[in-house]
Structure formats: structure tokens, C-alpha cells
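The structure under discussion appears below in the form of C-alpha cells.
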Amino acid sequence: MVRSWMTRGVALVSLVVILSSCNEVCKKSCSAKGKDGMDIKKSAFGKTPDGKPVDLYTLTNSHGLEARIITYGGAVISLKVPDRTGKLGDIILGHNSLERYVEPNHAGSPYFGCIVGRYGNRIGKGTFTLDGKTYTLATNDGHNHLHGGKAGFDQKLWKGEAIKGKEDVAVKFSYTSKDMEEGYPGNLKVAVTYTLNDKDELRIDYEATTDKPTVCNLTNHSYWNFTGAERDILDHELMINADQTTPVDSGLIPTGEIRSVDGTPFDFRKPKKIGQDVTADDEQIKFGGGFDHNWVLRKRGNDLSLAARVAEPTTGRVMEIYTTEPAIQFYSGNFLDGKVTGKDGKVYKHRYGLCLETQHYPDSPNRPNWPTTVLRPGQTYKTTTVHKFLTR
Ligand code: GLA
């Protein structure tokens, strides 16, 4: 009798185990098939201080990855990806409502998740000469021009358009920057498209045309923290596919030198914890208050190629960045100081986020020998950056 109950018990337990593992398999294969899981939704996200409505686009793929992106600044406000156990978590810094994005002087948002333009990073003394004409730009970083000026593309309201493809979902943002906006010549028509697919990639395509010669260097300024801002990013392991950087002066303007990373804190050719050298006794590190520099990517031509890989050991989350751009700015969140509280009450303290901004080199308009950022009427500016999410 006792025996038969025991046998039945074992059989029942085995059945439960079999059923639950079958369920696991079903879950995996159903989502792998990508059955009806891909979606894009539009909803309201408040109003700008001058009363204009802001929209939120929520893109999801069949594996549950979810990107939420707003028309204000084209900013990615959250991005949920799985950890190694399949648990989804939000891995970028930002806010759940508009108020903090629109605060003056970037008080609530030091460029969280936004599109940066017309020129990403710095232009020395806020001036450059093109075709013999000298242009004076807004200076908003000491004597220098940073991220497009006082009201760069991060503070513009973009027009959003949802696009549902066969293999992906996308939102296309458009904005026209007027001739002489922030001091730049030419009416610049810009389109930035964020696409999420079932290969767990978030792709950003940038396009621009102009009616007068101008300069253009667009990027995205997401701050990544794969722990969900539970702690700083110093244990994240980073690989940058680059042999050289462009050293800077104390105002973070490139000196013109292209320097090998060999034997310096800037060598990320093999994966290295960010914390290892972020406080190294090195002049460049001191100028940046940590890493805030431009790496010259190893690449031939303009094809999409691997620029960087970030891995976080406790969650197993990994991101690879592929780009058509020649360079990448790695910023280790040195200016974050705990003054901003973000989503879920998380306080964004020193080095709680890292940025990897694909780009042309800073101050290129003043460096004729560097890859050009000049855009002329008749030409189309086109760049692509792909963020691929994996686990290990
Ligand atoms: C970039 C710059 C940094 C800083 C941040 C925004 O990464 O290089 O110096 O301005 O943006 O705070």
C-alpha cells in the first residue's frame, strides 16, 4: 500500500516535471517563431511647456524586448532586455514622465537617451570655417559648443511615424532644423529611424539633407546600466574595437593627435572592467574626470562593423554595437552626481551610466584632415548603428 502511494507520488512528480519542462520548451519555441509578438503602439506622453503634445512609441518584439521612445528629443526612455535567466529588466537611464526631460539646462536629463545634433560632441570655441565663411555657434560648454548648442536636437519635438514591417517594427522621427539654428548654415532635414527586430537588435538609421553646405554629426546619447541602475557601471566589462584615440585638451577639445592605445588606460581591445583604469594616474583621464574620449574604430570603409561590446557579469547581459561611423565616444558617466532621480526612484549617482556614442571625431569641422562631417546640397547624410542584445 505504502509502496503503491510512493510509486504514484513519484509518477505525479515526474508528470509535473515533464509538463513544466514541456511548457518551457513551448514558451521558447513559440517566442522563437515570433508569432504575433511584434508590436508598436502610440500613446500620449504629456505636453511641452508651450503646450505641444508629446507622443510615446512602444516597440516590442516576439521575445518581449521593449523599447519606449518619445517624440521629444527622439529619446529612448526605457529599454527592457532579458538577463541570463530570461528576466526582463530596463537597462537605460531616464524618466517615466516628460517634466524632467524639459527642464532648462539639462538639469533633469543630461541628454538621457536622446538624439544628439546637429553636431554630436564638441566644436572648439564654437566656431568653424566652411568654404571661406566663418560660422559662430552657440557656446554651451565653457567656450566650446557641445551636442548641437543651447537647444540641440535633444530638445526638439520630432514628428513620429510608426512603421510595421514584416520582420520588424520601427518609428521614424523627422525634424527640420532651420537655416542658422544654433548658428549652423542650411535648412537641414533630418530623419532618425529606430527599428526593433526579432534578432534582438535595436537599429538606428540617421539621414539628413541640406540646402546649403553645412556640417552634420548625429548620434544617440543613451546611458546604459545593465544592472538596472542597482549600482554603478564600474564592473561592466567593455571592449572597444579601436587601436587609437584622439587625445584632448583640458576643455575636452581634440589636440589633433591620433594616439595609440597601447600601454595606456585607453586600451579596451581586450575586454576590461571599466573600473580598472577609470581613475588611473593619467593626464587624459584627469581631463575627462574618467573616460570621456573618442576612439578611432578599426575599420575599412563605411560598412557596419563591430565597434564595442559591453558585458555585465552578474546579469549576463551583453550588448554589441555595430556602426558605419568611424569613431565612438565612450563616456563613463563622470558628471552624474546623484542630483537626478530617475525611473523607479533610482538615484543616478556618479558613474551609474555609461554612454557609447557612435560618431565622427569631435571638432572635425576644424580638422580638414579628419573624416569629413561636411554635408552639401545634393548629398544625403546616412549612417547606421545597431545595438544587439545577447546574454551569456
Ligand atoms: C558627452 C560628452 C560629455 C558630457 C556628456 C553629457 O558624452 O563628451 O563630456 O557632456 O555628453 O553630460
Side-chain angles (χ1 to χ4, degrees), residues 73-76 92-95 100-101 103-126 137-155 182 217-225 229 232-233 236 238 240 242 245-255 266 268 274 278 283-296 307-308 310 321 323 325 327-340 342 348-365 373 385:
V76 185
I92 66 163
L93 309 192
H95 300 290
R100 303 244 46 199
Y101 286 99
E103 276 177 29
N105 304 317
H106 295 101
S109 170
Y111 302 91
F112 286 151
C114 62
I115 298 167
V116 175
R118 182 175 306 199
Y119 198 98
N121 214 275
R122 293 173 177 79
I123 297 179
K125 300 197 178 74
L137 305 171
T139 46
N140 58 328
D141 189 55
H143 299 306
N144 301 320
H145 175 88
L146 173 69
H147 292 334
K150 295 203 163 98
F153 290 2
D154 60 292
Q155 288 166 64
E182 300 292 317
N217 186 32
L218 307 175
T219 192
N220 173 273
H221 208 292
S222 290
Y223 286 70
W224 308 97
N225 185 325
D232 63 36
I233 49 81
H236 285 52
L238 175 65
I240 305 179
T245 59
T246 51
V248 288
D249 64 17
S250 59
L252 300 184
I253 299 298
T255 59
F266 295 84
F268 281 92
I274 291 168
V278 75
E283 188 183 50
Q284 285 297 310
I285 293 279
K286 282 184 190 136
F287 286 161
F291 296 107
D292 191 355
H293 298 79
N294 174 65
W295 272 253
V296 176
V310 191
I321 296 183
T323 189
E325 289 279 19
I328 196 165
Q329 182 86 11
F330 164 42
Y331 166 60
S332 51
N334 314 312
F335 296 124
L336 295 176
D337 56 6
K339 285 202 187 114
V340 175
Y348 297 150
K349 296 184 222 158
H350 196 213
R351 304 204 174 112
Y352 261 52
L354 70 101
C355 301
L356 287 161
E357 304 150 62
T358 53
Q359 61 182 10
H360 272 55
Y361 313 171
D363 203 30
S364 290
T373 52
T385 294

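Source: prediction; values computed, not measured. We count ligands from 1, going down the list as the structure has it; atoms in each ligand are counted the same way.
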Minimal non-hydrogen separation, [X] against [Y], with atom names:
X	Y	value
His95	Tyr101	N-OH, 2.8 Å
Ile123	Pro365	CD1-CG, 4.0 Å
Trp295	Ala242	CD1-CB, 3.6 Å

Considering only the protein, which heavy-atom contact is closest to [atom], and what is its distance?
atom	value
atom 5 (C) of ligand 1	His221 NE2, 3.6 Å
atom 7 (O) of ligand 1	Glu357 OE2, 2.8 Å
atom 1 (C) of ligand 1	His147 NE2, 3.1 Å
atom 8 (O) of ligand 1	Asp292 OD1, 2.6 Å

I need the single residue from Leu146, Thr373, Leu218 that forms a side chain to side chain contact (heavy atoms under 4.5 Å, CB included) with Tyr119. Which is it?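 Among Leu146, Thr373, Leu218, the one that satisfies the side chain to side chain contact (heavy atoms under 4.5 Å, CB included) with Tyr119 is Thr373.
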What atoms of ligand 1 come within less than 4.0 Å of a heavy atom belonging to [X]?
X	answer
Gln329	8 (O)
Leu146	10 (O)
Asn121	2 (C), 8 (O)

Does the plane of the ring in His221 sit parallel, tilted or perpendicular to the ring in Tyr223? Use 30° and 60° as the thresholds.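 If you compare the ring of His221 with that of Tyr223, the planes turn out tilted.
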Would you say Asn105 has more than 12 foreign heavy atoms packed within less than 6.0 Å of its CG?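 For Asn105, atom CG is not crowded (no more than 12 foreign heavy atoms under 6.0 Å).
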Test of understanding: given a 4.0 Å heavy-atom threshold, classify the contact between Asp141 and ligand 1 as side chain, backbone, both, or neither.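 Contact part for Asp141 vs ligand 1: neither.
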When you measure from the heavy atoms of Tyr223 to every atom of ligand 1, does any distance fall below 4.0 Å?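 Yes, Tyr223 has heavy atoms under 4.0 Å from ligand 1.
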Glu283 with Lys286: basic N within carboxylate O range, under 4.0 Å: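 Salt bridge absent between Glu283 and Lys286.
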